[in-house]
Amino acid sequence: MGPQISSELAVEIARLGLIHEASETAALRRVTELAVRTVRGCAGASGIRWTAGDDPEPRDVTSTHPDLSHLIDVQCARRDGPVFDVARSETSIFCSDTLVETRWPAFTPIALQRGVRCFATTVHRTGPILMTLMMYGVVPGALDRRELGLGALLAAQGGAAVSNTRHYEDAHRTAVQLQQAVEARAVVDQAKGVLMHAMGCDAETAFNELKRISQTRHVKLTALARRIVEGSGPDGDGTGRSGLAGARNGR
């Protein structure tokens with residue numbers, strides 16, 4: 001029989017997808033914590049977000065114990081080990097006893113030193129986001145293959161949560177940039193109006209004058225416009241609008 005999902009666990013898994021509750025790293029951390037709490041025989045876990053491709057690159061890593069962080073660091077330094085094989089092949093692996101494992105001769109002795117006697121890694125891709133969840137047991141056979149479906153579910157939901165969070169953060173960043181651009185445009189337009197009034201010129205001439213002063217004074221256009229609108233003058237020295245003519249004439 002496969003793993004039973006309680007109503008409480010179902011709620012916690014669903015919460016992984018709530019983008020306002022977690023950053024990418026926090027979503028990864030919650031996945032590893034849930035694995036330890038809910039997968040039978042799992043004494044610790046590591047979650048990694050990868051950039052998928054022919055040679056996947058680990059981006060965010062979280063582990064439930066410093067020893068497990070060390071095991072991930074060792075694999076990342078060598079770009080070799082079970083978690084790299086899983087990321088490259090996008091196929092899960094299972095090791096029932098680290099002591100007799102022969103597939104990763106450089107990794108298994110270090111894992112044994114850290115008390116790892118069995119491990120399993122599941123993987124899930126969500127678009128360009130690859131999520132691996134590596135689970136560890138402290139006695140041989142502690143991890144049951146029949147229980148690993150829950151680990152796969154956590155990896156899938158965690159990958160979706162990380163992807164959603166990333167999209168949300170990208171959208172939020174774009175919105176902030178657009179807002180800043182709108183505000184910058186507004187203050188430049190106000191400064192143009194001040195110059196048009198002071199110089200008796202049209203909008204194009206006023207804008208060209210703004211650019212000229214910005215370049216000659218080595219001041220960003222938006223900062224210059226803000227000084228003019230606030231009445232502190234092109235140099236920010238309090239000369240206000242009376243200084244505009246001087247700035248135009250190079251004084």
side-chain contact (heavy atoms from CB on, under 4.5 Å) between Gln113 and His70, worked out: CA-CA 11 Å; Gln113 291 172 4; His70 175 71; over 6 Å; no

I'd like to know whether Val123 forms a side-chain contact (heavy atoms from CB on, under 4.5 Å) with Trp50, so could you lay out the CA-CA distance, the side-chain angles of the two residues, the decisive distance to 0.1 Å, and finally the verdict. CA-CA 10 Å; Val123 59; Trp50 306 73; over 6 Å; no

side-chain contact (heavy atoms from CB on, under 4.5 Å) assessment of Met135 paired with Thr32: CA-CA 8 Å; Met135 296 165 286; Thr32 59; over 6 Å; no

Given the rule in the side-chain contact (heavy atoms from CB on, under 4.5 Å) test, do Met131 and Leu28 qualify, once you have shown the distances and angles that lead to the verdict? CA-CA 9 Å; Met131 168 79 181; Leu28 282 175; 3.1 Å; yes

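No side-chain donor-acceptor contact under 3.5 Å links Thr91 to the backbone of Val86. Between the Arg217 side chain and the Leu224 main chain, no donor and acceptor come within less than 3.5 Å of each other. When atom types are taken as modelled, the side chain of Thr98 and the backbone of Arg117 share a donor-acceptor pair closer than 3.5 angstrom. Panel note: side chain Thr64, backbone Ala45; a donor-acceptor pair is recorded below 3.5 Å.
Between Pro58 and Cys76, the shortest heavy-atom contact is CG-SG, 4.0 Å. Nearest heavy atom pair, residue Pro82 against residue Met134, reads CG-CE, 3.5 Å. The two residues Ala206 and Met196 have their closest heavy-atom pair at CB-CG, 3.6 Å. Asp67 and Arg114 get closest at one heavy-atom pair: OD1-NH1, 2.9 Å. Looking at every heavy atom in both residues, Ala120 comes nearest to Leu143 through N-CD1, 3.8 Å. Between Lys192 and Ala203 the shortest heavy-atom distance is CE-O, 3.9 Å.
One finds a salt bridge joining Arg103 and Glu101 here, because a Lys/Arg side-chain nitrogen approaches an Asp/Glu carboxylate oxygen to under 4.0 Å. Between Arg79 and Glu57, at least one side-chain N (NZ, or NE/NH1/NH2) sits under 4.0 Å from a carboxylate O, which counts as a salt bridge. Salt bridge Glu209/Arg212: present, at least one basic N to carboxylate O contact under 4.0 Å.
When the side chains of ILVMFWY residues are joined at heavy-atom separations under 4.5 Å, either directly or via intervening members, Ile213 and Met199 end up in a single hydrophobic cluster. Follow the hydrophobic side-chain contacts under 4.5 Å out from Ile110 and you reach Phe107 in the same cluster. Tracing side-chain contacts under 4.5 Å through hydrophobic residues (I, L, V, M, F, W, Y), one reaches Ile228 starting from Val219; they form part of the same cluster.
A distance of 10.5 Å separates CG of Leu130 from CZ of Arg49, quoted to the nearest 0.5 Å. Rounding to the nearest 0.5 angstrom, the gap separating the CG atom in Asp97 from the OG1 atom in Thr108 is 10.5 Å. Here the straight-line distance linking atom OG of Ser46 with atom CG of Asp73 works out to 9.5 Å at 0.5 Å rounding. Taken to the nearest 0.5 Å, the CG atom of Leu210 stands 11.0 Å off from the CD atom of Gln215. Here the OG1 atom belonging to Thr122 is positioned 9.5 Å from the CD1 atom belonging to Ile93, to the nearest 0.5 angstrom. Of the inter-residue distances, the one linking Thr132 atom OG1 with Phe84 atom CZ reads 9.5 Å to the nearest 0.5 angstrom.
In this structure, a donor-acceptor pair under 3.5 Å is absent between the side chains of Arg29 and Thr62. Side-chain contact check for Thr205 and Asn208: no donor-acceptor pair (N or O, by modelled atom type) lies under 3.5 Å.
Side-chain contact between Phe207 and Val188 is present, with at least one heavy-atom pair separated by less than 4.5 Å.
Between Tyr136 and Phe119, the ring-plane angle classifies as tilted under the 30° and 60° cut-offs.
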